[in-house]
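What follows is a set of notes on a single structure, which appears directly below.
Any value given below was found using the heavy atoms of this structure, including those in side chains, with hydrogens, waters and symmetry copies removed.
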Amino acid sequence: MRKNYLQKRVTAGRFTLPVAIIISIVCWTMTSILLPDLPKPEAEYSLLSYLKVNHLSENIALALSLFIFAFIGYSLIILNNAFGIIRMRASVQTSFYFLFTAVIPGLHQFHAGDIAALATLISIYFLFKSYQNHYSSAQIFHSFAFLGIGSLAFPQLTFFIPVWFISAYNFQSLNIRSFFAAIIGWSLPFWFLLGHAYYHNEMSLFYKPFHDMITFQPVNYKEVPLTNVIVTGFMFLLYVVSSINSFATSYQDKIRTRSYLRFFILLNFFIFVFILLQPSHFLCLLSLLLTGSSILAGHLFALTNNRLSNLFFIFTSIAMVALYILNTWMLL
């Protein structure tokens with residue numbers, strides 16, 4: 001008879017998600033109280049600089065960011081229910097997502113990564129719908145259109161397009177028609193931006209996303225905050241363990257599920273590489289990273305039940321508490 005470890009009781013518990021939500025709200029509230037002057041991310045991206053988001057009050061920015069993260073967390077449940085990525089309770093990935101966002105105070109301010117993460121998740125939904133669909137042009141078009149929307153807020157998101165093409169090929173949904181549908185879909189938001197910029201005689205607004213794409217910030221690792229290094233290290237450790245578990249237990253999943261998990265593994269790998277190459281975009285890239293990390297962590301802890309995984313679950317829980325304390329203390 002298998003032992004019912006703490007990990008299993010928590011991940012399969014009916015109160016896990018409500019408790020995660022309460023903990024997240026408490027963390028966000030404490031952040032707003034302890035760090036009322038939390039530095040706002042600079043609106044260096046075309047869309048946000050034009051909308052002048054730095055003029056938003058602290059409370060509005062906090063509420064807007066919280067709303068977006070809550071919507072993404074709820075959407076993760078819809079994503080799992082639609083594609084059956086985690087065979088068991090469908091809310092565990094959302095619980096991890098809420099906790100991940102709660103323990104990193106820097107994410108609590110509204111920034112470009114919020115919009116990019118939301119657009120990317122919707123894009124992933126349509127990409128997954130194209131799986132083995134011989135008439136996938138419509139799904140691919142919508143997927144890349146939302147990828148283009150995300151690129152307006154965070155232009156560097158465009159560099160992840162190859163991941164979408166590789167996955168579409170693996171999903172057997174990439175053909176000549178869907179390829180051109182992808183190009184048209186991604187460019188569609190930029191055509192609207194061009195029309196707006198031309199009408200208002202602000203062509204620099206149209207040029208700026210492309211300028212941001214090809215502008216690489218000089219890398220000086222000595223100036224990278226220690227908290228960013230620790231958070232990245234923790235997320236990378238969780239990514240490695242979750243990925244290894246996914247490959248080791250892939251025989252238990254359907255072929256479709258394996259393909260979905262491989263997508264998140266590939267996407268997160270490229271995000272980690274980009275964090276290494278351009279640490280100045282840490283917050284935006286971290287927002288993108290958390291979606292896949294939550295899915296992979298949920299798959300790891302929901303479908304394993306042994307002493308080693310239970311110890312790693314306890315370590316992960318303690319590490320998240322330590323991350324919140326460390327991040328808050330460093331910003332005080």
### Message
Between His281 and Phe154, does the ring-ring contact (aromatic ring centres under 6.0 Å, His included) criterion hold? Intermediate values first, please.
### Response
CA-CA 9 Å; His281 300 302; Phe154 180 50; 5.7 Å; yes

### Atom pair CG (Leu289) and CZ (Phe269), whose distance is rounded to the nearest 0.5 Å
13.0 Å

#### Entry: Donor-acceptor under 3.5 Å (Ser246 side chain, Ser242 main chain)
no

### Query
So Tyr260 and Phe128, ring-ring contact (aromatic ring centres under 6.0 Å, His included) or not? Walk me through it.
CA-CA 7 Å; Tyr260 296 152; Phe128 284 5; 4.2 Å; yes

#### Entry: Check: Phe96 ring centroid to Phe301 ring centroid under 6.0 Å
yes

### Query
What orientation do Phe160 and Phe274 show, parallel under 30°, tilted 30 to 60°, or perpendicular over 60°?
tilted

### Message
Regarding Ser287 and His111, do their side chains bring together a donor and an acceptor under 3.5 Å, going by distance alone?
### Response
yes

### Query
Any side-chain heavy atom of Gln172 within less than 4.5 Å of one from Asn133?
no

Which pairs would a plain distance check flag for residues 228-241, meaning a side-chain donor or acceptor within less than 3.5 Å of a matching protein atom at least two apart in sequence or in another chain?
residue	atom	partner	partner atom	Å
Thr232	OG1	Asn228	O	2.7
Tyr239	OH	Ile265	O	2.9

### Query
Between the side chains of Asp114 and Ser65, does any donor sit under 3.5 Å from an acceptor?
yes

### Message
In the structure I gave you, are the side-chain heavy atoms of Ile23 and Phe98 within less than 4.5 Å of one another anywhere?
### Response
no

### Summary
Scanning both residues in full, the closest heavy-atom pair of Asp212 with Gln156 reads O-NE2, 2.8 Å

### Task
Under the side-chain hydrogen bond (donor to acceptor under 3.5 Å, both in side chains) rule, what do Ser95 and Thr16 come out as? Steps first, then yes or no, please.
CA-CA 7 Å; Ser95 300; Thr16 299; 5.8 Å; no

### Message
Can a side-chain donor-acceptor contact be found between His134 and Asn175 if the only test is distance below 3.5 angstrom?
### Response
no

### Query
Is there a side-chain contact between Ser178 and Phe141 (heavy atoms, below 4.5 Å)?
no

### Message
Applying a strict under-4.5 Å side-chain criterion to I, L, V, M, F, W and Y, I'd like to know whether Ile104 and Phe315 cluster together.
### Response
yes

### Task
Report the residue from Asn305, Asn306, Thr304 that forms a side chain to side chain contact (heavy atoms under 4.5 Å, CB included) with Lys8.
Asn305

### Task
For residues Thr328 and Leu34, report the shortest heavy-atom separation together with the two atoms involved.
CG2-CD1, 3.9 Å

### Message
If you take the centroid of each ring, where Trp contributes its six-membered ring, are His196 and Phe206 closer together than 6.0 Å?
### Response
no

### Task
Would you kindly say whether Ser173 and Ser130 are connected by a side-chain donor-acceptor distance under 3.5 Å?
yes

### Task
Establish, yes or no, whether a centroid distance under 6.0 Å links the rings of Phe190 and Phe210.
yes

### Query
Only one of Tyr169, Trp164, Trp186, Phe165 clears ring pair (Phe, Tyr, Trp, His ring centres under 6.0 Å) with Phe179; which?
Phe165

### Query
When rounded to the nearest 0.5 angstrom, what distance separates CG in Leu261 from CG in Leu300?
11.0 Å

#### Entry: Same cluster (ILVMFWY, side-chain, under 4.5 Å), Leu277 and Phe159
yes

### Query
If you measure from CG on Asn327 to OG1 on Thr227, what distance do you get to the nearest 0.5 Å?
5.0 Å

### Message
Would you call the rings of Phe171 and Phe263 parallel, tilted or perpendicular, taking 30° and 60° as the class edges?
### Response
tilted

### Message
Regarding Ser293 and Asn268, do their side chains bring together a donor and an acceptor under 3.5 Å, going by distance alone?
### Response
yes

